[in-house]
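All values derive from a computational prediction rather than experimental measurement. Proteins get letters first, then strands, A, B, ... in listed order; numbering begins at 1 in each.
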Amino acid sequence: MTQKQKRSFDDLENAETTQETDEKEERQLHYWLMKAEPDTRFVNGTDIAFDYEMLEELTKNGEYKAWGGVRNYEARNMIKSEMKLGDLVFFYYSNCKPPRIAGVMEICREAFPEANAFNKENPYYDPKSDPERPRWFSIGVKAKFKLKREIPLHELRMYSNNQLANMESLKRSRLSVSRVSPREWQFILDLAEQASPDATSFYIKKRRKLEEHLKDVHP
DNA sequence: GCCAACGTTGGC
DNA sequence: GCCAACGTTGGC
């Protein structure tokens, strides 16, 4: 690690939560993307699978789900200092086929110390985090709506030279929390309203075949 | 403080 | 299962 990198690492680790006072009212909504794995995978004996249906079930009566397990300082600092009540978040499925955006959730509790890190039985236990000086933070989220159509990663990449050229999650695929610009957010929501490009090309092919066939039958 | 070795993420 | 990318650790 270079000196410059080391400094930014310390900055990240020591960064404090920014103070928000009466400016809160004027703050614009911010948009985010957070990842979870929808398929069964055992970490220290615990299945860590989590998907949108589970989030809906857990939050249907106004409860929030503590979103945790983020073990990267840059991602943690977004959780700790930048995510605010009312912000909206894409729920992204990673480590599965295909990787994809499944739905939208809303921040309904701002950062608080992550309980998983204190619990020895938990797959996300971290002895370096204690309640006196918590190292890792959770954010409270609830299900907002499932996308009408899930958007797979390969489809997002179709726009990586134009509409989604700067999308953080595409450029830094290993970060489990990333920012989404308002434009990117709206673009992806619009995609979810349209037919899948796969389906479109499927029907185009089908129609061509039919036309070929008709040509043969009625030349 | 540098940097090699190691570990993790996550797409393919 | 492989491996690229990159974050983290630890010896010097």
Using a strict 4.0 Å threshold on nitrogen-to-oxygen distance, state whether E82(A) and R179(A) make a salt bridge.
yes
Below 4.0 angstrom, N of the basic side chain to O of the carboxylate: do K146(A) and E53(A) qualify?
yes
Suppose clustering is done on Ile, Leu, Val, Met, Phe, Trp and Tyr with side-chain heavy atoms closer than 4.5 Å. Which residues sit in the same group as F42(A)?
none
Rounded to whole Å, please give me the gap between [atom1] in [X] and [atom2] in [N].
| X | N | atom1 | atom2 | result |
| --- | --- | --- | --- | --- |
| W136(A) | dG7(C) | CH2 | P | 13 Å |
| E168(A) | dT9(B) | CD | P | 18 Å |
| N72(A) | dT8(B) | CG | P | 14 Å |
| K128(A) | dT9(C) | NZ | C1' | 9 Å |
| Y73(A) | dT8(C) | OH | P | 7 Å |
| R100(A) | dC12(B) | CZ | P | 14 Å |
| L175(A) | dC6(C) | CG | P | 10 Å |
| Y93(A) | dC12(B) | OH | P | 19 Å |

Using the 3.5 Å cut-off, write out each protein N or O paired with an N or O of nucleotides 1-5 of chain C and the distance between them.
unit_1, atom_1, unit_2, atom_2, d
dA5(C), N3, R174(A), NH1, 3.3

For the residue pair N116(A) and E114(A), confirm or rule out a side-chain donor-acceptor distance under 3.5 Å.
yes
D190(A) and Q194(A) side chains, donor-acceptor separation under 3.5 Å:
no
When you check the phosphate oxygens OP1 and OP2 of dG11(B), does a side-chain N or O of K97(A) lie under 4.0 Å from one of them?
no
Taking only side-chain nitrogens and oxygens of R71(A), does any of them come within less than 4.0 Å of OP1 or OP2 of dG7(C)?
no
Taking the six-membered ring for Trp, are the ring centroids of Y73(A) and W136(A) within less than 6.0 Å of each other?
yes
Check V70(A) against R76(A) and note the closest heavy-atom contact, atom names and distance.
CG1-N, 4.0 Å
Just to be sure I understand the rule, does R41(A) reach a base, reach only the sugar-phosphate, or reach nothing, if contact means heavy atoms closer than 4.0 Å?
nothing
